Amino acid sequence: MNNIYNFSAGPAMLPKKVMVQIKKDFLNWNNLGISVLELSHRNEYFFSFFKETKNNLKKLLFIPNNYEIIFCHGGARGQFSAIPMNLVQKNDKSDYFCSGFWSYYAAEEAKKYCSPNIIDITQEIDEQKSLIPMQNWPIHSHSEYIHYCPNETIEGIAIFEEPQFEKNKIIIGDFSSTILSQQINIQNYHLIYASAQKNIGIPGLTVVIINKELLKYRKNIVPSILDYNTLYMTQSMFNTPATFSWYVAGLMLEWLIESGGIKTIEKKNKKKALYLYDFIDKTDFYNNNIDKQYRSNMNIPFFIKKQNLTNLFLKKAEENNLFGLKGHNLIGGLRASLYNAMPLKGVKKLVDFMYQFEIDHR
Ligand SMILES: *Cc1c(COP(=O)(O)O)cnc(C)c1O
């Protein structure tokens with residue numbers, strides 16, 4: 001297990017230290033004599049662990065006091081429904097700025113509950129995939145909120161700018177594949193959400209960080225399990241939470257704090273991504289066609305120009321303990337996801353392998 005590197009887009013690699021701790025707690029959590037799997041969410045130790053987890057998240061992301069952290073079920077896709085259900089009425093408009101598959105999926109789902117303006121912000125410049133800069137996004141004055149995705153996990157296209165629109169516009173971001181990887185200013189958003197299986201831990205938990213103002217929106221038809229107000233009032237324990245996923249998230253946040261916090265991990269993440277992009281740009285054998293200023297630090301799709309070599313690449317990579325490099329089915333090719341848990345050493349090993357593969361198959 002020591003030298004396997006998992007580049008999967010999610011569920012994704014966990015730090016070794018976290019996995020060793022899970023193994024330990026599996027039989028006896030916190031010296032209570034029972035497994036963490038058997039633990040009730042009403043257990044006082046579990047509850048204080050949960051409070052600590054929320055506090056750690058607050059510290060790491062500098063979440064101001066006028067925001068609440070809610071732990072939800074249903075993944076990021078659950079939020080695609082929860083957001084319009086909680087915030088708008090059927091005939092209301094909302095702006096969905098789309099830079100890739102996930103932001104489109106969010107907009108498609110919203111059609112069931114409101115009337116979204118679906119705005120394509122992609123553009124092609126010199127055969128590269130690029131985006132329209134945020135200051136040129138056409139915002140509709142009558143839309144109730146703006147939704148976008150700062151890191152498109154499938155295409156590897158990222159928006160690093162933060163929104164600075166009119167103060168009264170509600171701004172919502174799908175941070176599933178970028179939360180905790182870089183510093184962000186929470187106050188530029190009214191709601192951000194992320195499913196856990198990328199940078200927070202394992203599937204089963206979705207984190208919502210919401211400005212308290214939005215908790216005042218109350219609609220009777222929202223299923224209680226998706227209702228922000230209900231979840232807030234019940235401290236995210238309206239029904240039985242995914243206790244194990246919450247626990248893993250707690251360990252991940254402790255690990256991140258020990259690793260120096262977001263500022264430190266952001267530097268490491270940039271270095272990792274640059275190392276791989278630099279190599280890809282130097283060869284004619286591989287390529288990545290995203291405009292440099294929008295390249296994701298988390299998900300790096302790339303292609304072998306001789307496409308018939310892709311399957312052989314994947315097979316050889318696995319023989320070299322490099323896992324999860326297959327590109328998403330929707331775009332094919334290859335993809336390396338470099339979430340927080342991936343060390344620079346893993347990226348170097350990948351690049352060494354890519355270099356050798358190129359020599360062997362040029
Ligand atoms: C993974 C991902 C999703 C989907 O998450 P689920 O938990 O499977 O619903 C949505 N948006 C983005 C940006 C993602 O990376």
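Quick caveat: nothing in here was measured; it's all calculated off a predicted structure. Every number for a ligand or one of its atoms is a count from 1 in the order of the listing.
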Is it possible for you to say whether Y339 and Y277 belong to one hydrophobic cluster, with membership spreading through side-chain heavy-atom contacts below 4.5 Å? no

Flag, side chain of N28 to backbone of L32, donor-acceptor distance under 3.5 Å: yes

Over 60° means perpendicular and under 30° means parallel, so tell me whether W102 and Y105 are parallel, tilted or perpendicular. perpendicular

Does any N or O in the side chain of N269 come within less than 3.5 Å of the main-chain N or O of I265, such that one atom is a donor and the other an acceptor? yes

Would you please classify the geometry between the F101 ring and the H328 ring as parallel, tilted or perpendicular, with 30° and 60° separating the classes? parallel

Residue pairs fulfilling ring pair (Phe, Tyr, Trp, His ring centres under 6.0 Å) with at least one residue in residues 56-81, sequence neighbours excluded: F50-F71, F71-W246

Tabulated below should be the N or O atoms of ligand 1 paired with protein N or O atoms at under 3.5 Å; can you produce that?
residue	atom	partner	partner atom	Å
ligand 1	5 (O)	S195	OG	3.3
ligand 1	7 (O)	A76	N	3.3
ligand 1	7 (O)	S195	OG	3.0
ligand 1	7 (O)	Q197	NE2	3.0
ligand 1	9 (O)	A76	N	3.1
ligand 1	9 (O)	R77	N	2.9
ligand 1	11 (N)	D174	OD2	2.7
ligand 1	15 (O)	T153	OG1	2.4
ligand 1	15 (O)	K198	NZ	2.8

